[in-house]
Amino acid sequence: MCGIIGILGAEEVSERLLNGLRRLEYRGYDSAGICTIHDGVLDRRRAEGKLDNLAKKLFAEPLPGEIGIAHTRWATHGAPTTDNAHPHATGEVALVHNGIIENFKPLREELIACGRTFESQTDTEVVAHLISEQVEQGVAPAEAVRTVLKRLHGAFALAILFRQHPGMLIGARLGSPLVVGYGENETYLGSDALALAPLTQNIAYLEEGDWVVITREGTQIYDREDNPVDRPVTQSGVTGALIDKGNHRHFMQKEIYEQPIVVAQTLKSYVRRLDDQVSLPIPDFDLGAIRRVTIVACGTSFYAGMVAKYWFEQFARVPVDLDVASEFRYRAPVLEEGGLALFISQSGETADTLAALRHARSEGQKIAVVVNVPTSSMAREADLLLPTHAGPEIGVASTKAFTCQLAVLAALAANLAHAKGRLSPAEEKAVVRHLAEAPAALNAALAYDEAIETVAQKIAAARDVLYLGRGPDYPLALEGALKLKEISYIHAEGYAAGEMKHGPIALIDENVPVIVIAPSGPLFEKTVSNMQEVQARGGKVVLISDYDGISAAGDGCMATITMPKVHPLIAPLVYAIPVQLLAYHVAVAKGTDVDQPRNLAKSVTVE
Ligand code: F6R
C-alpha cells in the first residue's frame, strides 16, 4: 500500500513533500520518510508512527534540497519501525515504493551473496540495491532502472533519486498507481492526483508497465516494452484545499453527519423528480441486454453489494453472483457472455477489486463501477461509470460512501428493472419517491444520536458483540460488526438472524450484547423470533427498530434505539446511521484513534 510523492523542484521541496504526505495518509500511517539531495548527498529523515513524528524531526533537523521523494507507509514486510520506513537508500540511490516485490527473497539472497548489506526487513530495499549495483558500475540511471524493472515480480510504484544526478527523478509503475504532474518549471510524481493537487492540476496517468525519466530538460515516458510514449495530460479538477473537520471532533463524525446531503447529491444523478423516473449518467448503456450481474467488492463496499443483490433479484429478476474481490479471481468464476460485472469501491484503487475488474474484462464482461473518487483507476477503466457524490471520505471507517453506494445501487436496480420491462410506470414513480425520502429520513435518524451514545456506554465494556439481521438487514449486521471492530477493537460478528440456531447461539450469555436490526416490514416477526431465542438464553439485546417495532418487541431488551418509520427500500440507508453512530460512540468511549485506527489504511492498494 503506502503513498508516494516526488518533486523535481525549482525551489526547496521538503515542506511541500510533507504536505503531499498529509494528503496521502489515507494510504497508510505506520511510518513516514523523506529524502532529498543536497551538498552531493542523499539525506533522509524517517520516523515511526504518524506523520507528526516526521514533521517534528524535520523541524528539529530541516532537510534542504530542490529535489526529493517521500513516503507514508502501511507495513507489509517488516514491522513499522524507523529502519523499515522508506525511503530506502544506498550511498548512490534512494527510493520509495508502493506495492509488494514478491520475489524479494531470492533477490535479497543474491545481493547478500555479492556482499551487500541490508538495514531493513522490507521487500523494497532489494530494489535500491539492485539499481545501486548497476549505477556503481557506471551504468546510466535510466538504463539501470530499465534493467532492474525486468527482474521484479509483483506490484510497484517507484520514485527514485540518484546521488550523482540531482536533476533527475525516475518513476515506474506496475499494479500500483503513479501519476506525473506538470508544474511551472517543476515536475512531480505522486500516487494520485490528490497528492499533487496543491502543486498542479496537469496530470498524466502512467499505464501498466510504464516508467518515466524526469529531468530539468523534460520528461520522457516509456511503455513496458521501453518504447517512448506520450500519455495524455488531463486536468485533475481535484481541490488543493485540505479538508477539515469543521465543528466535529472526528472526520468520521463529520462524515456520518454529511450523509443526508451527500445522499441527496448522489441521487440527483440517478432519479428525476420532475417526471418521477430513474435515470443513469450514461443513458445509452444497454441494460436490457444484461442477463447476469456479478458484483465484486471488499469490506464495507462488499456489504453494499450484498444489499444490492436483494434489490437486483427482487426488482429486475436478474440473477446475481457476489464475491469478495480477494476470492473472485482465484476461484475460476464462470462469466457468461452478456454478463455485467459490477465493482463497488470508495477509493477506486483497492488492489483486489481492481485486479478482479481486469480479470472480468479479460473474460468479456461489461464493466460497471460504483466509485467515489472520479479520478481513480477503476473510474477510468469502466464502461459504465456510476459515481457516488459523497465527497472526500477521510475517516478510515467508511460511512457516507456506503450510504451513497446504496443510493446508487437502489437506483441501478430500478434502472435494470425498467430496462427489463419489470417496472410499471407506477412502480417506477413509487421507487423514485421512496428514494427521494431518504435524505430526510437520514436526518431524522441522526436526531437519535444522543440516545445512541447512551447505549454505546453500555456496549463499550463488552469483549464480544453480535449483530443480527435478516434480508437486506443481514449485510447491515455485518457492516455494524465491521464498524465496531475496526474502530473500537471489540470483537464483533454479524449473522443472518435465522442462522443463530445453527451454531452461534452457543456464544450467548449475559456478557455478549446482541444488536438486532429489525425495521418493521415483511421480515420483522421472523427476526423478532430469533431475537427471543437469544433472550430466552439470557442474551442482552439492543433492538434497533421503528416506533411500531419497538412497541411490539422492545420489552425485555437491554436497550432500544428508535428509528423513523421508512419504506423497506430505504431502510438499509437509514439503519446504517445507528450502526455507524454506535461504533463511533463506543470507540470514543474507549479512547481509540477513531479516524486512523491501528493496522488499517483507507485505501488498500496491495493484494
Ligand atoms: C471499512 C472500510 C473497508 C473498505 C474496503 C474497500 O470501514 O472502509 O472495509 O470498505 O477496504 O475499500 P474501497 O471501497 O475503497 O474499495
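Any value given below was found using the heavy atoms of this structure, including those in side chains, with hydrogens, waters and symmetry copies removed. First listed ligand is number 1; within each ligand, the first listed atom is number 1.
- Applying the side chain to side chain contact (heavy atoms under 4.5 Å, CB included) test to Ala356 and every residue at least two apart in sequence or in another chain returns Val296, Ala325, Phe328, Phe343.
- Using a cut-off of 4.0 Å between Lys/Arg side-chain N and Asp/Glu carboxylate O, Lys485 and Asp464 are scored as not salt-bridged.
- Applying the side chain to side chain contact (heavy atoms under 4.5 Å, CB included) criterion to Gln457, with sequence neighbours excluded, gives Glu453, Ala589.
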Extract all N/O-N/O pairs under 3.5 Å that connect ligand 1 to the protein, and present each with both atom names and the distance rounded to 0.1 Å.
{"residue": "ligand 1", "atom": "7 (O)", "partner": "Thr300", "partner atom": "OG1", "Å": "3.3"}
{"residue": "ligand 1", "atom": "7 (O)", "partner": "Ser398", "partner atom": "N", "Å": "2.9"}
{"residue": "ligand 1", "atom": "7 (O)", "partner": "Lys483", "partner atom": "NZ", "Å": "2.9"}
{"residue": "ligand 1", "atom": "7 (O)", "partner": "Glu486", "partner atom": "OE1", "Å": "3.3"}
{"residue": "ligand 1", "atom": "7 (O)", "partner": "Glu486", "partner atom": "OE2", "Å": "2.4"}
{"residue": "ligand 1", "atom": "8 (O)", "partner": "Val396", "partner atom": "O", "Å": "3.4"}
{"residue": "ligand 1", "atom": "8 (O)", "partner": "Ser398", "partner atom": "N", "Å": "3.4"}
{"residue": "ligand 1", "atom": "9 (O)", "partner": "Thr300", "partner atom": "N", "Å": "3.2"}
{"residue": "ligand 1", "atom": "10 (O)", "partner": "Thr300", "partner atom": "N", "Å": "3.1"}
{"residue": "ligand 1", "atom": "12 (O)", "partner": "Thr350", "partner atom": "OG1", "Å": "3.4"}
{"residue": "ligand 1", "atom": "14 (O)", "partner": "Ser301", "partner atom": "OG", "Å": "2.6"}
{"residue": "ligand 1", "atom": "14 (O)", "partner": "Gln346", "partner atom": "N", "Å": "2.7"}
{"residue": "ligand 1", "atom": "15 (O)", "partner": "Ser345", "partner atom": "OG", "Å": "3.4"}
{"residue": "ligand 1", "atom": "15 (O)", "partner": "Gln346", "partner atom": "N", "Å": "3.4"}
{"residue": "ligand 1", "atom": "15 (O)", "partner": "Ser347", "partner atom": "N", "Å": "2.9"}
{"residue": "ligand 1", "atom": "15 (O)", "partner": "Ser347", "partner atom": "OG", "Å": "2.7"}
{"residue": "ligand 1", "atom": "15 (O)", "partner": "Thr350", "partner atom": "OG1", "Å": "3.3"}
{"residue": "ligand 1", "atom": "16 (O)", "partner": "Ser345", "partner atom": "OG", "Å": "2.6"}
{"residue": "ligand 1", "atom": "16 (O)", "partner": "Thr350", "partner atom": "OG1", "Å": "2.4"}

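- For the pair Asp383 and Arg361, the salt-bridge criterion is met [side-chain N within less than 4.0 Å of a carboxylate O].
- Legend: residues meeting side-chain hydrogen bond (donor to acceptor under 3.5 Å, both in side chains) with Asn443, ordered by chain and number and at least two apart, are absent.
- Salt bridge Lys602/Glu393: present, at least one basic N to carboxylate O contact under 4.0 Å.
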